[in-house]
Q: 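Okay, handing you the structure first.
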Amino acid sequence: MVEEANFCPSKEAIMKPILQLPPMTCQRVREIDRMAMDQFQMPGIVLMENAGRGAAECMDQIAPEGSVLILCGKGNNGGDGFAIARHLQLAGREVTILAMAPTDELQGDALIQANITKAAGIEIQVLGEAPAKECLPIADIIVDGLLGTGAKPPLRGRYVDVVEAANASSVRRIALDIPTGMSGDTGETGEPTFQADHTLTFAAPKIGFAKRDADRFTGEVHVISIGAPLALLRQFSV
Ligand SMILES: NC(=O)C1=CN([C@@H]2O[C@H](COP(=O)(O)OP(=O)(O)OC[C@H]3O[C@@H](n4cnc5c(N)ncnc54)[C@H](O)[C@@H]3O)[C@@H](O)[C@H]2O)[C@H](O)CC1
Ligand SMILES: [K+]
């Protein structure tokens with residue numbers, strides 16, 4: 001009798017880099033992105049896929065039950081959200097996406113991930129005219145893939161009422177990279193700022209997380225590898 005393929009190591013066996021990077025500014029973390037692409041020939045979509053899969057595996061440990069609503073912004077923070085949705089669906093989770101813009105307004109890696117997500121049959125709702133409080137899909141967990149290292153505070157447009165609606169719902173909240181509304185460099189928070197129970201931050205912690213009371217918005221911080229080579233991590237760990 002053929003042994004059933006054992007796909008998954010035990011949950012604790014998720015592989016972690018042997019080198020943990022120190023807290024950095026958003027700009028410096030974006031340099032890691034850039035060097036991974038330019039010096040190590042890693043296409044941006046590979047970094048995003050690694051980020052998405054790593055974040056989904058972390059969610060499988062910290063929030064293993066319940067339906068998930070992923071809020072996707074127009075940039076690559078949203079792109080991560082689209083990738084996470086696919087990996088959560090693969091793990092049998094009920095996933096819905098609320099996108100801040102229609103797919104045809106996306107570009108680059110975020111557009112690629114959104115198109116894969118659509119092809120995978122995952123529901124993507126686009127924010128309409130109604131106030132977010134009235135149209136936020138019901139879920140047990142809300143994931144903030146609205147703004148990351150490309151944010152220029154203060155929040156503009158509909159991001160304000162979407163973050164307010166997310167904070168008003170009594171569900172678990174998980175931020176991707178940086179809680180939307182917070183500066184990753186200073187830890188300063190605007191009104192509103194996504195109030196997360198956990199923040200899954202990519203490549204390295206952001207220096208703003210060390211600000212006093214920043215944990216009111218980050219919750220517990222988990223660093224997610226984007227698969228950058230050890231030689232690159234070594235250049236940024238000094
Ligand atoms: N660095 C890494 O290792 C990786 C990072 N990834 C993810 O990419 C985002 C950064 O993506 P980027 O497209 O540069 O920026 P954002 O998605 O944060 O936002 C850009 C988007 O938002 C608009 N915007 C900016 N400020 C505001 C504001 N105050 N109000 C409203 N809208 C705003 C702006 O116009 C753009 O449209 C990083 O955080 C990671 O999540 C990679 O995916 C993986 C590797
Ligand atoms: K975010």
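Computed from a predicted model, the values in this text were never measured in an experiment. Just so you know, ligand 1 is whichever comes first in the structure, and atom 1 is the first atom listed for that ligand.
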Q: Where is the nearest protein heavy atom to atom 35 (O) of ligand 1: which residue, which atom, and how far?
A: Arg156 NH2, 4.0 Å
Q: Specify the closest pair of heavy atoms between Phe217 and Thr193, including all atoms of both residues, with the distance to one decimal.
A: CD2-CG2, 3.4 Å
Q: Applying a heavy-atom cut-off of 4.0 Å, say which part of Asn77 lies close to ligand 1: side chain, backbone, both or neither.
A: both
Q: If you have a sec, work out which protein heavy atom is nearest atom 10 (C) of ligand 1 and how many Å separate them, to one decimal?
A: Thr149 OG1, 3.3 Å
Q: Supply the atom-to-atom distance Asp144 CG to Thr199 OG1, rounded to the nearest 0.5 angstrom.
A: 8.0 Å
Q: Name the one of Thr186, Thr201, Asp185 that satisfies side chain to side chain donor-acceptor pair (under 3.5 Å) with Lys206?
A: Thr201
Q: His87: which residues meet the ring-ring contact (aromatic ring centres under 6.0 Å, His included) condition with it, sequence neighbours left out?
A: none
Q: When you measure from atom 5 (C) of ligand 1 to every protein heavy atom, which one gives the shortest distance, and what is it?
A: Asp33 OD2, 3.9 Å
Q: Work out the angle at the K ion (ligand 2) between OG1 of Thr180 and O of Ile178, rounded to 10°.
A: 90°
Q: Hey, are Thr149 and Arg30 close enough side-chain-wise for a donor-acceptor pair under 3.5 Å?
A: yes
Q: Using a 4.0 Å heavy-atom cut-off, say whether Pro154 meets ligand 1 through its side chain, its backbone, both or neither.
A: backbone
Q: Of all the non-hydrogen atoms in the protein, which one sits nearest to atom 11 (O) of ligand 1, and at what distance?
A: Asn76 CB, 3.2 Å
Q: From Ile142 CD1 over to Leu69 CG, what is the distance, rounded to the nearest 0.5 angstrom?
A: 5.5 Å
Q: With Ile207, which residues qualify under side-chain contact (heavy atoms from CB on, under 4.5 Å), at least two apart?
A: Pro23, Thr25
Q: For Lys133 and Asp161, what are the C-alpha separation, side-chain angles and deciding distance, and is it a side chain to side chain contact (heavy atoms under 4.5 Å, CB included)?
A: CA-CA 8 Å; Lys133 276 202 178 75; Asp161 87 313; over 6 Å; no
Q: Students should be able to answer this: which protein heavy-atom is nearest to atom 22 (O) of ligand 1, and at what distance?
A: Leu147 CD2, 3.1 Å
Q: Hey, is the K ion (ligand 2) within less than 3.4 Å of some N/O/S atom on Leu176?
A: yes
Q: Vertex the K ion (ligand 2): angle to OD1 of Asp144 and OD1 of Asn77, to 10°?
A: 100°
Q: For Leu176, state whether at least one heavy atom is located under 4.0 Å from any atom of ligand 1.
A: no
Q: Is there at least one pair of N or O atoms, one from Phe202 and one from ligand 1, spaced under 3.5 Å apart?
A: no
Q: Is the distance between the K ion (ligand 2) and the nearest N/O/S atom of Gly73 smaller than 3.4 Å?
A: no
Q: Against ligand 1, does Ile32 come closer than 4.0 Å with any heavy atom?
A: no
Q: Measure the distance from atom 43 (O) of ligand 1 to every protein heavy atom, then report the residue, atom name and distance (to 0.1 Å) of the closest one.
A: Asp80 OD1, 2.5 Å
Q: Among all protein non-hydrogen atoms, which one is nearest to atom 25 (C) of ligand 1, and what is the separation to 0.1 Å?
A: Gly150 O, 3.4 Å
